[in-house]
S.K.: 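Sending over a structure as structure tokens; questions will come in a sec.
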Amino acid sequence: MDSAENAPPPSGENRAGEAPSSTEVGETTDEATVHEEGVQLERTIGLVGGLAVGVGTMIGAGIFVFPGIAAGRAGPAAAASYAIGGVIALLVALPASELATAMPRSGGGYYFISRALGTMAGAMVGISLWLGLVFASAFYLVGFGSYAVELLARAGVTIAWPVPPTTALGFVFGALLTGMSFTGTENTAKLQNGVVALLLVILSLFLGYGGLDALGVFGRASTPETFAPFGTTPIVTTAALVFTSYLGFAQIATIAGEIKKPGRNLPLAMVGSVILVTVFYVATIFVATSAFGSKRLASFGETAMVEVAGSFFGPIGAIAILAAGLLATVSSANASIMSSSRAVYALSRDALLPKKAGAVNLEYGTPHVALTMAGVPVLLLVASGRTAVLAEVASFLHLVMYGLICVALFQMRRNSPEWYDPDFRVPAYPLVAGVGAVASFGLIAFMQSLSQIIGVVLMVVAAGWYFYYARDVELKGCSR
């Protein structure tokens, strides 16, 4: 979307005047998203950067934290769990791509849903998106801590930790990533590009060799095992667990206000990242379960891939995968913290959070208050160390948003406001969006009870905030 004439209508205002009107979008160009009072987010992220955000967020947990856990739940059929997650993600990425090219604003799914389904739905989803990314970031940092501890142990480094080392290391790096995000999106994107490029090289070499080994090219016998030793239900429950691995494409939409040439780059980045990482995930489970069998793989826990690499390449391979795991989990946490802050920024621009939350640092051009609101709760959650719960709560909150994104597409197509002029349109949209909505909502039913309870509580808190603070806000441009 290249001109202000085609831009979606501006943000919200409060009838009663208690919460100042959020800054209205005055112009959206290929260079910047400019708001009415002159504050702007520059478009500094290109296609490669967008792919790096999506792939970098998704490639971490799916390959370096989940394989052992997933294999323990579903056996080799965990590959099918990843495939199910990938299909659902793709069914949502297509509608999200259409909405994003029509509304390339920071906030992503929140912005789409608020304009299509109204203020209350937008407020609940926006707050849930912020909190969902907080849980996801904490999950990634716990994974980082696990890999860092394993690396130190293999290097013979012993430290008298006053707290669990996984918590300590995750906390420290979470603070460092949040601090780096204060200095500018461009710096964060450069780190993301470099990390993802190196990561994909390491993984391609590892999976290439491991795949040939699993197929018997090198004469090594694979571990024979029934494909679905625990039945079919664990395949779907495992898909619900590992779906956290597919949150990255939504991160791209969340930073849409900083993507160059959004009409072209947003769909390519979102759809392309989902397809790429799904291939990597399925290949990883195939290689890992072929090397050890699901039961033994599960016994290795969150660092199972280190043992797989060690079995192929010896100590050098284990160290290489440890380094890759560190890069991957840092990359995932980095992208999630940045995206979480942009969700807060978007809520503030629409007056659904206090205006101060959307303040932009004049030196670096970053929303520093929003970054603080993203980074601080992440650090608090890292202390829990509850990997599976953190992952499923993040998935719960995102799946609600994904289902509503599909519903939002139906609403936009039906109402077709004058400003709705996407550069990309979903092929066979009624089928794609309908199946995407049903699959997103349906997957929630297969999560563990604790994750569902926490997710519902957070949604209720978001609704409570709306009625307490923002029920007088009217969003301009809402299609309802």
Side-chain angles (χ1 to χ4, degrees), residues 1-11 24-35 40-55 89-117 185 189 248-276 339 342 346 349 401-402 404-433 436 476-479:
M1 188 171 310
D2 300 325
S3 70
E5 294 178 0
N6 290 327
S11 304
E24 297 183 356
V25 177
E27 183 179 6
T28 301
T29 70
D30 282 345
E31 289 74 38
T33 301
V34 186
H35 295 280
Q40 68 177 25
L41 292 177
E42 294 185 3
R43 294 191 180 279
T44 58
I45 303 175
L47 175 59
V48 172
L51 282 167
V53 168
V55 173
L90 187 60
L91 288 171
V92 179
L94 288 167
S97 295
E98 175 173 329
L99 294 168
T101 59
M103 297 172 275
R105 301 286 191 271
S106 292
Y110 152 72
Y111 196 91
F112 313 152
I113 291 166
S114 65
R115 269 48 187 185
L117 304 179
T185 303
F249 76 88
Q251 323 289 50
I252 301 169
T254 304
I255 58 170
E258 294 156 271
I259 298 284
K260 298 176 182 176
K261 299 180 180 178
R264 169 184 176 271
N265 290 339
L266 281 169
L268 288 175
M270 283 194 275
V271 174
S273 61
V274 170
I275 294 172
L276 181 61
S339 297
R342 272 39 176 194
R349 305 313 300 179
M401 180 183 72
Y402 291 170
L404 290 177
I405 283 175
C406 295
V407 175
L409 180 61
F410 278 107
Q411 182 75 1
M412 283 298 185
R413 288 285 192 102
R414 185 182 69 179
N415 291 353
S416 190
E418 290 183 6
W419 55 262
Y420 187 72
D421 185 24
D423 293 317
F424 169 83
R425 287 187 176 268
V426 178
Y429 106 88
L431 177 63
V432 170
K476 294 181 179 179
C478 180
S479 69

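In this chain, residues are counted from 1 in sequence order. This is a predicted model, so every value here is computed, not measured.
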S.K.: Side chains of M401 and Y110: closer than 4.5 Å at any heavy-atom pair?
M.R.: no
S.K.: Rounded at 0.5 Å granularity, tell me how far OG in S97 sits from CG in L409.
M.R.: 10.5 Å
S.K.: Mind checking side-chain contact (heavy atoms from CB on, under 4.5 Å) for L47 and listing every partner two or more places apart, or none if nothing turns up?
M.R.: L51, R264, N265, L268, A269
S.K.: State which residues pass ring pair (Phe, Tyr, Trp, His ring centres under 6.0 Å) with F424; sequence neighbours excluded, sorted by chain then number.
M.R.: none
S.K.: Which heavy atom of G263 sits nearest a heavy atom of T101, and at what distance?
M.R.: O-CG2, 3.7 Å
S.K.: Does any N or O in the side chain of S273 come within less than 3.5 Å of the main-chain N or O of M270, such that one atom is a donor and the other an acceptor?
M.R.: yes
S.K.: Please round to the nearest 0.5 Å and tell me the distance separating atom CE of M412 and atom CG of L117.
M.R.: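 Atom-to-atom, M412:CE and L117:CG are 8.0 Å apart.
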S.K.: Heavy atoms only: give me the nearest E98-R425 pair and the separation to one decimal.
M.R.: OE1-CA, 3.3 Å
S.K.: Where do A116 and Q411 come nearest, in terms of heavy atoms and distance?
M.R.: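 Closest approach of A116 to Q411: O-CG, 3.0 Å.
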S.K.: Got a second to check how far I405's CD1 is from L94's CG, nearest 0.5 Å?
M.R.: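 Rounded to the nearest 0.5 Å, the CD1-CG separation comes out at 12.0 Å.
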S.K.: What residues form a side-chain contact (heavy atoms from CB on, under 4.5 Å) with L91, not counting sequence neighbours?
M.R.: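 L91 satisfies side-chain contact (heavy atoms from CB on, under 4.5 Å) with V87, V432, V435 only.
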S.K.: To check you understand the geometry: which heavy-atom pair defines the closest contact between A89 and V274, and what is its length?
M.R.: CB-CG1, 4.0 Å
S.K.: Of all heavy-atom pairs between A433 and F410, which one has the smallest distance, and what is that distance?
M.R.: CB-CE1, 3.5 Å
S.K.: What heavy-atom pair brings A102 and Y420 nearest, and what distance separates the two atoms?
M.R.: CB-CE1, 3.5 Å
